[in-house]
Amino acid sequence: MNIRQLLDQRVSNALISAGASKDVSAVIKQSNKAQFGQYQANGVMGAAKKLKMNPRQLATQVVDALDLSDIADKVEVAGPGFLNIHLKPEWLSQQLELALNSDKLNIEQIKQPQTVVIDYSGPNLAKEMHVGHLRSTIIGDAIVRVLRFIGHRVIPQNHVGDWGTQFGMLLAHMNDLQSVDNELSMQLSDLEAFYRDAKKRFDAEPDFAKTARAYVVKLQAGDPNCLLLWQQFIDISLQHCEDVYQRLNVLLTRNDVMPESAYNDDLPQVIADLRDAGLLTEDQGAQCVFLEEFKGKDNKILPAIVQKSNGGYLYATTDLAALRYRYNKLHADRILYFVDARQSLHLNQVFAIAKKAHFVAPETQLEHMAFGTMMGKNGKPFATRDGGTVKLIDLLKEAEQRAFDLVNEKNPDLDEAERKAVAQTVGIAAVKYADLSKNRSSDYIFNWDTMLSFEGNTAPYLQYAYARIQSIFRKAGEFDHNAILNLIETPEKQLAIKLLQLPEAIEIVSKDGTPNILCNYLFELAGNFMTFYEACPILKADKEIKNSRLKLAKLTAKTLKTGLDLLGIKTLERM
RNA sequence: GCGCCUGUAGCUCAGCUGGAUAGAGCAACGGCCUUCUAAGCCGUGGGUCGCAGGUUCGACUCCUGCCAGGCGCGCCA
């Protein structure tokens, strides 16, 4: 049950009865003051302006036409024309019961499910994943979970970079090390160092550089030995990624990997089809697509180069092939790209070209869910002292270590295995939440301490609220599930209404790809629970009150678990 | 030069299609553990929402200009 949607329909209809046009919006919002009820309709004033009416007069007419007697105690006109809606406690109780007895918290499945392709993570297999890959990976993953939860058919796509000139030097370096026993497998355990070594040799040793270039040519020509070596490297690199995914509790598996190289065979056809569509222009020897909507300096149209003057293809070509595959083979209705904001121009060009070339349908939704670059404390692009980026795996290990230190301090009575397990869950959760809870399309600051904080608006706070509830139930024994849920105290009422607002958060997240809305909701929910927990004793209360409060606690736990699960964050029975 | 993004409390950030007195967390200060886990709760202090105009009954939100930062603009991805 989405209360906002329900009220939107009812109030919109009342507005129309009162004379407003069909496209009127009731503008239903959650009230930020208890005195204004739980919801308010702000659309009357806008509608009055269009009708050239006195807003308060229209508001009165809307109230007359509005029948909310089944769900609200009163609807009052306030200020210049607000409608304040006070929901019935009995109706709220009834909704809470429905959520409690439903396996999906009484959240409706979407009426018209779409096939949604989600492009996320997409690491470059030449190197190890670093902290910059975090955002795409975990935001994309959260959106996969949310869209699936409400009934969409979701197809994750991990568009990994497994092709390009850099593999020449890596393969050449591999080949040299292969002759030394065990040296190769050892060196490949640290891909970052392996890449650095290869690069160093490439820059310093002319013979090596020559061999490396030859390897690129051989690889592209399909030389069997070269392909074998390449496949070996890719397997190891993917294994590194999978270790990180597993640690991060991210859904991606090898089945979701659709690497760049998979599109190689289709690239000449992409060019041919662009030519047939009349979109191709040769410029300075390169094959380009010029679209009027993309203008650069002096009002000159910016090209999207799809084939180099030497015949080679570029990432625009690959992305077009991928887009076509996603539409033709995966039957996507909507394709979401969780990719760095710096690729905004590139992706918008690709989208526009794909539409013009009919690689996708006119109504196919193509959306770049952009996010900013990771910066250091000084506001400059993030880098460690030696100039490299921080490996993602190192951040995760540090998170687990700090969490372990804290568990040892807070809860020394747990046995070591459980303390380790708690530390792992809490540490990873903290890192994920730190990133998921921000909505920055611009650049953002990477900071060890905020990322690894366990206090305040963090994942451990939410996990702690959950663990507290579980503790209550361990002590409560059986409780009467038929007991009446009675909302009396203010903290009970505030918790109750918050419990019913998860669908509204999910609605926004599924539309905009913004998990921070869900984070914010869960933080508020946990906060309302904490207040309730402090103010309203549960186990010590009289039987009826106790049972009623146990129900509220039960639903809070259920909602927290569901919400955290949608974020890819695990809950704990105790911590 | 052109384009995209960003500017909210000391720090990190919320603020949903314009709505009522701009909210959290951290940091600071003051309370609360013989009572369901103190990773918590309650309270205090702290903001010309970058600046200046405009639209509106009403602007952090929309429009214009300026200032500051980041990023992107032909054969890397």
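Worth knowing before you read on, the calculation uses all heavy atoms, side chains too, and leaves out hydrogens, waters and symmetry mates. So you know, we letter chains A, B, ... as the sequences are listed, proteins then strands, and number each from 1.
If you take atom P in B/rU48 and the same atom in B/rA22, they sit 12 Å apart, rounded to whole Å. Distance check on atom P: B/rC75 versus B/rC13 gives 33 Å, rounded to whole Å. Rounded to a whole angstrom, the distance from the C1' atom of B/rA77 to that of B/rG72 is 14 Å. For the P atoms, the distance linking B/rC57 with B/rC4 amounts to 30 Å, nearest Å. B/rU21 and B/rG58 have their C1' atoms separated by 14 Å, with the value rounded to a whole Å.
Residues A/Thr281 and A/Asp283 have side chains that never bring a donor and an acceptor to within less than 3.5 angstrom of each other. With no hydrogens or angles considered, no side-chain donor-acceptor pair links A/Thr514 and A/Asn439 at under 3.5 Å. Between the side chains of A/His86 and A/Glu76, a donor-acceptor pair is found at a separation under 3.5 Å.
Sorted by first and then second residue, the side chain to side chain donor-acceptor pair (under 3.5 Å) pairs involving residues 308-317 of chain A (not counting sequence neighbours) form an empty list.
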Would you tabulate the side-chain donor-acceptor contacts of residues 34-51 of chain A under 3.5 Å, counting partners in other chains and residues two or more places apart, or write 'none'?
| residue | atom | partner | partner atom | Å |
| --- | --- | --- | --- | --- |
| A/Gln38 | OE1 | A/Leu87 | N | 2.7 |
| A/Tyr39 | OH | A/Gln501 | NE2 | 3.0 |
| A/Tyr39 | OH | A/Glu504 | OE1 | 3.4 |
| A/Tyr39 | OH | A/Glu504 | OE2 | 2.4 |
| A/Gln40 | OE1 | A/Ser31 | OG | 3.4 |
| A/Gln40 | NE2 | A/Asn42 | OD1 | 3.0 |

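Not a single donor-acceptor pair, N or O on each side, falls under 3.5 Å between the base of B/rA77 and the side chain of A/Asp319.
Within 4.0 Å of A/Ala78, counting heavy atoms only, lies at least one base atom of the nucleic acid. A/Gln284 comes within 4.0 angstrom of a base, heavy atoms only. Heavy atoms of A/Ala341 sit nowhere under 4.0 angstrom from any nucleic acid atom. Counting any heavy atom pair closer than 4.0 Å across all strands shown, A/Ile508 reaches a base atom. Nucleic acid contact class of A/Ile469 (heavy atoms, under 4.0 Å, all strands): none.
Along RNA chain B, the nucleotide nearest A/Ala526 and the nucleotide nearest A/Asn84 are compared for position; the residue whose nucleotide lies closer to the 5' end is A/Asn84. The 5' end of RNA chain B is approached more closely, in terms of each residue's nearest nucleotide, by A/Pro460 than by the other of A/Pro460 and A/Phe290.
Note: CD (A/Gln349) to C1' (B/rG74) measures 10 Å, nearest angstrom. Protein atom NZ of A/Lys127 is 14 Å distant from nucleotide atom P of B/rA77, rounded to whole Å. Atom-to-atom, CD of A/Gln40 to C1' of B/rC16 comes out at 13 Å; the value is rounded to the nearest Å. Note: CG (A/Asn457) to P (B/rG25) measures 8 Å, nearest angstrom. Here B/rC73 presents its P atom at 17 Å from CG of A/Leu291, a figure rounded to the nearest Å. B/rC60 atom P lies 20 Å from atom CG of A/Asn439, rounded to whole Å. Across the protein-nucleic acid pair, A/Asn348 atom CG and B/rC73 atom P stand 14 Å apart, rounded to whole Å. Following rounding to the nearest Å, A/Asn264 (CG) and B/rA77 (C1') show an atom-to-atom distance of 14 Å.
Against the 90° criterion about 0, the sugar-base torsion of B/rC62 places it in the anti range. With a glycosidic angle no more than 90° from 0, B/rG74 adopts the syn conformation.
Taking only side-chain atoms of A/Tyr461, from C-beta outward, the nucleotide of B/rG40, B/rA77, B/rC57 with the closest atom is B/rG40. Set against B/rU12, B/rG58, B/rA14, the side chain of A/Lys49 has B/rG58 as its closest nucleotide. The side chain of A/Asn42 has B/rG19 as its nearest neighbour among B/rG15, B/rG25, B/rG19. When distances run from any side-chain atom of A/Asp283 to the nucleotides B/rA20, B/rU17, B/rG74, the shortest one goes to B/rG74. Comparing B/rG19, B/rA39, B/rU12 against the side chain of A/Lys438 picks out B/rU12 as the nearest.
When the side-chain nitrogen and oxygen atoms of A/Thr458 are compared with OP1 and OP2 of B/rA39, none of them lie within a distance under 4.0 Å. Note on A/Asn516: a side-chain N or O is less than 4.0 Å away from OP1 or OP2 of B/rG15.
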Below 3.5 Å between N/O atoms, which protein atoms pair up with nucleotides 42-44 of chain B? Just atom names and distances, please.
| residue | atom | partner | partner atom | Å |
| --- | --- | --- | --- | --- |
| B/rC42 | OP1 | A/Thr531 | OG1 | 3.2 |

Protein-nucleic acid N or O pairs under 3.5 Å, nucleotides 27-29 of chain B:
none

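Residues A/Ser121 and A/His133 fail the side-chain proximity criterion, which asks for heavy atoms closer than 4.5 Å.
Atom NZ of A/Lys570 is surrounded by 12 or fewer heavy atoms from other residues, nucleotides or ligands within 6.0 Å. A/Glu544 CD: 12 or fewer foreign heavy atoms inside a 6.0 Å radius.
Residues meeting the side chain to side chain contact (heavy atoms under 4.5 Å, CB included) test with A/Lys52, sequence neighbours left out: none. Residues that satisfy the ring pair (Phe, Tyr, Trp, His ring centres under 6.0 Å) test with A/Phe290, not counting sequence neighbours, are absent from this structure. With sequence neighbours left out, A/Phe351 forms a ring pair (Phe, Tyr, Trp, His ring centres under 6.0 Å) with A/Tyr337. A/Lys561 meets the side-chain hydrogen bond (donor to acceptor under 3.5 Å, both in side chains) test with A/Thr571; sequence neighbours excluded. Residues that satisfy the ring pair (Phe, Tyr, Trp, His ring centres under 6.0 Å) test with A/Tyr461, not counting sequence neighbours, are A/Phe523.
Separating the CD atom in A/Gln166 from the NZ atom in A/Lys127 is a distance of 7.0 Å, to the nearest 0.5 Å.
Looking at A/Arg196 and A/Glu192, no side-chain N of the basic residue comes within less than 4.0 Å of a carboxylate O on the acidic one, giving no salt bridge. Using a 4.0 Å cut-off between charged nitrogen and carboxylate oxygen, A/Glu507 and A/Arg4 count as a salt-bridge pair. Looking at A/Arg549 and A/Asp542, no side-chain N of the basic residue comes within less than 4.0 Å of a carboxylate O on the acidic one, giving no salt bridge.
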Margin query: So if I define the base as every atom that isn't primed, P, OP1 or OP2, how would nucleotides 32-37 of chain B read as a B/S/- string at a heavy-atom cutoff under 4.0 Å?
Written below: ---SBB
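Formation of a donor-acceptor pair under 3.5 Å by the A/Arg402 side chain with backbone atoms of A/Gly427 is not found in this model.
A heavy-atom distance below 4.0 Å to RNA chain B is reached by these residues of residues 28-36 of chain A, ordered by number: A/Ile28, A/Lys29, A/Asn32, A/Phe36.
A/Arg419 pairs in a side chain to side chain contact (heavy atoms under 4.5 Å, CB included) with only one of the listed residues (A/Leu406, A/Asn411, A/Leu414), which is A/Leu414.
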Next item on the list: Go ahead and write out RNA chain B as dot-bracket, 5' to 3': ( ) for pairs within the strand, [ ] for ones crossing earlier pairs, | when the partner sits on another strand, dots for unpaired; Watson-Crick or G-U wobble, both distances under 3.5 Å.
Entry: (((((((..((((.....[...)))).(((((.......))))).....(((((..]....))))))))))))....
